[in-house]
Amino acid sequence: MLELNFIRTHKERVIQGLQLRNYTGENLKVIDEIVALDDARKAAQTEMDNNLAETKRLSKEIGGLFQQGKQAEAGALKEKVSELKAGIKTLETTMMDAAERVEKLLLTVPNIPHESVPAGKTSEDNEVYRAWDKPLPNLGEDAIPHWELATKYNLFDLELGVKITGAGFPVFRGKGARLERALINFFLDEATKAGYEEIIPPLMVKEESAKATGQLPDKEGQMYYIGEDDFYMIPTAEVPLTNIYRNEIVEEKDFPIKLTGYTPCFRREAGSYGSDVRGLNRVHQFDKVEIVQIVHPDTSYDQLNGMLAHVSGLLDKLELPYRILRLCGGDMGFTSALTFDFEVWSAAQKRWLEVSSVSNFETYQSNRLKVRFKDGKGMRLAHTLNGSALALARIVAALLENNQTSGGIRLPKVLHSYTGFEAI
RNA sequence: GGAGAGGUGGCCGAGCGGUCUAAGGCGCACGCCUGGAAAGCGUGUAUACUCCAAAAGGGUAUCGAGGGUUCGAAUCCCUCUCUCUCCGCCA
């Protein structure tokens, strides 16, 4: 969430930012409400603290009087303290109530977009940041989509997933499973080469963790929830990886912290049924290698560029046509200040598929996470970033479709040593 | 799952109703000492909120978390949580 102090001191910027996210008059009032409530909280707290100080002083006096055997005088003071205590209780309630309401409202305010974020309402308005300037593969009439290729070559089976679990839980098998594992290894190796530390995190997280990275309360209902133990299945490795540093004070010299991890990702995808969900386009469980960075605020945009270069490099090596979009204010995620999406061309479906989303959250996540470092001026919040590098299911879809030939499916050279075969 | 023992500052560890404003030690930083270092000595060593125009300096809270008893809680009571030991189950 936004820093309260930032809202207080940069109200105009906050409002401009919200306008870029298409907030208008009525919705913008929340900012003034927050400041007013916080004023009330401060006033109550100051008074309460003063009363507490007085109580403390008197209690000590009573202790002294008891030791001198002056019971009567002590009794008189006791009454005075009791009176003060009643007032303190009221003030505390006022303060806690105001603080809670501030917190609640703050959770409803999204991150302020970076100045480069284009105006716009929907994905239609996203800016093509880097277009694909070479020709797209032309497969001819008999090209078939990846779900048919999967059946033809026995690569994955969605019906089998339905039998075992339900719709959207693919079963990979044979060369399909091998390809999946090859891609995971390839992505992890590349991330490690780029200086990311490999992590194997828990796949379920507690509420506190999901809150800290912003999945809750924003995406309640999109995560699988294990009620018996109060766990959430992770929708992305971002959650456990970033939470490694929750409540940590980091040494400035340890920046940039770079983590990578492969995990399956679980998403309920409630309310997103439609024609674009066939095959691997949208599933409830998919594999992904994530990269996460925790960095000094001065360098976060440089690091963001580094992440773009990293993801571009992966797609280049996989020989997939792709483009990069800069998301507009209306399409950007709640917690992000700037997001770039990568889309690969799916030649049989003749459409772009999102395979990566790379974002800088600035201090929005770290404020909830409380990831801080100390510099000359005191405690400061770090910046957090993350990106998919990459999401597997759709990469598989594109690889299969784009490389199909009448004689089989060719695989990009970089994967040969990982798969142990050059074609399917 | 059952039984027991515990969670105190960056770390170890004392404290078990008032002087805890948390002893002592280690570590760390700075200074003195030294040709330089070690040792020794001295000083300092958290976080959040808040008061003050700011600095300096105050105030409040935090001894796993939350609640309670009390004029006063690290200390007593309740709930939760985590760790350790033993037993059971188990890849």
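In the text below, chain A, chain B and the rest are named by the order of the sequence lines, each starting its count at 1.
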All side-chain contact (heavy atoms from CB on, under 4.5 Å) counterparts of A/T263, not counting sequence neighbours:
A/P201, A/L203, A/I234, A/A237, A/C265
For residues 148-160 of chain A, which residue pairs qualify under salt bridge (Lys or Arg N to Asp or Glu O under 4.0 Å), counting only residues two or more places apart or in two chains?
none
Between B/U81 and B/G10 - P atom distance, rounded Å:
26 Å
Sequence neighbours left out, what pairs pass side chain to side chain donor-acceptor pair (under 3.5 Å) with at least one residue falling in residues 329-343 of chain A?
A/N126-A/D331, A/R323-A/E343, A/S336-A/T339, A/T339-A/S359, A/D341-A/S357
Please give me every residue in residues 82-109 of chain A whose heavy atoms get under 4.0 Å of an atom in RNA chain B, ordered by residue number.
A/K85, A/K89
Under the ring-ring contact (aromatic ring centres under 6.0 Å, His included) rule, what pairs show up with a residue in residues 233-269 of chain A, not counting sequence neighbours?
A/F255-A/F373
Do the side chains of A/E83 and A/K80 get close enough for a salt bridge, i.e. N-O under 4.0 angstrom?
no
Using a cut-off of 4.0 Å on non-hydrogen atoms, how would the nucleic acid contact of A/K80 be classed: base, sugar-phosphate, or nothing?
nothing
Between B/G13 and B/U85, how far is it from one P atom to the other, in whole Å?
16 Å
Earlier contact from the 5' end, RNA chain B, for A/T55 and A/R41:
A/R41
For the C1' atoms, the ones on B/U47 and on B/A39, what distance do you get once it is rounded to whole angstrom?
35 Å
Taking atom P in both B/A73 and B/G17, what distance in whole Å separates the two?
14 Å
How far does the P atom of B/G64 sit from the matching atom of B/G15, given to the nearest Å?
15 Å
For residues 415-424 of chain A, please give each side-chain donor-acceptor pair under 3.5 Å, one per line with the distance, not counting sequence neighbours.
| unit_1 | atom_1 | unit_2 | atom_2 | d |
| --- | --- | --- | --- | --- |
| A/H416 | NE2 | A/L411 | O | 2.8 |
| A/H416 | NE2 | A/P412 | O | 3.4 |
| A/Y418 | OH | A/D189 | OD2 | 2.6 |
| A/T419 | OG1 | A/L415 | O | 3.2 |
| A/T419 | OG1 | A/H416 | O | 3.4 |
| A/T419 | OG1 | A/F421 | N | 3.2 |
| A/T419 | OG1 | A/F421 | O | 2.6 |

In short, side chain to side chain donor-acceptor pair (under 3.5 Å) pairs touching residues 197-210 of chain A with sequence neighbours left out are A/E208-A/R246, A/S209-A/R246
Roughly how far apart, to the nearest Å, are B/C78 and B/C90 at atom P?
36 Å
At a 4.0 Å cut-off to heavy atoms of chain A, the contacted part of RNA chain B spans B/G18 to B/G72
What's the spacing between A/I291 CD1 and A/L314 CG if we round to 0.5 Å?
7.5 Å
Closest contact, heavy atoms only, A/E362 versus A/H114
OE2-CD2, 4.2 Å
What residues 42-50 of chain A contributes to the RNA chain B interface at heavy-atom separation below 4.0 Å is A/K42, A/Q45, A/T46, A/D49
Need one value for A/I62: base, sugar-phosphate or nothing, where a base atom within 4.0 Å counts as base even if backbone is also close, heavy atoms only.
base
Filter on salt bridge (Lys or Arg N to Asp or Glu O under 4.0 Å), then keep only pairs touching residues 103-120 of chain A, sequence neighbours left out; what's left?
none
Quantified in whole Å, what is the C1' atom distance between nucleotide B/U69 and nucleotide B/G6?
24 Å
At under 4.0 Å between heavy atoms, what does A/R57 touch on the DNA or RNA strands: base, sugar-phosphate, or nothing?
nothing
Inter-nucleotide C1' distance (B/U70, B/A14), Å rounded:
25 Å
Can you tell me which residue pairs pass the salt bridge (Lys or Arg N to Asp or Glu O under 4.0 Å) test with a partner in residues 380-401 of chain A, sequence neighbours excluded?
A/D375-A/R380
Going by salt bridge (Lys or Arg N to Asp or Glu O under 4.0 Å), name the pairs with one or both residues in residues 2-17 of chain A, residues two or more places apart or in two chains.
A/R8-A/D38, A/R8-A/D39, A/K11-A/D32
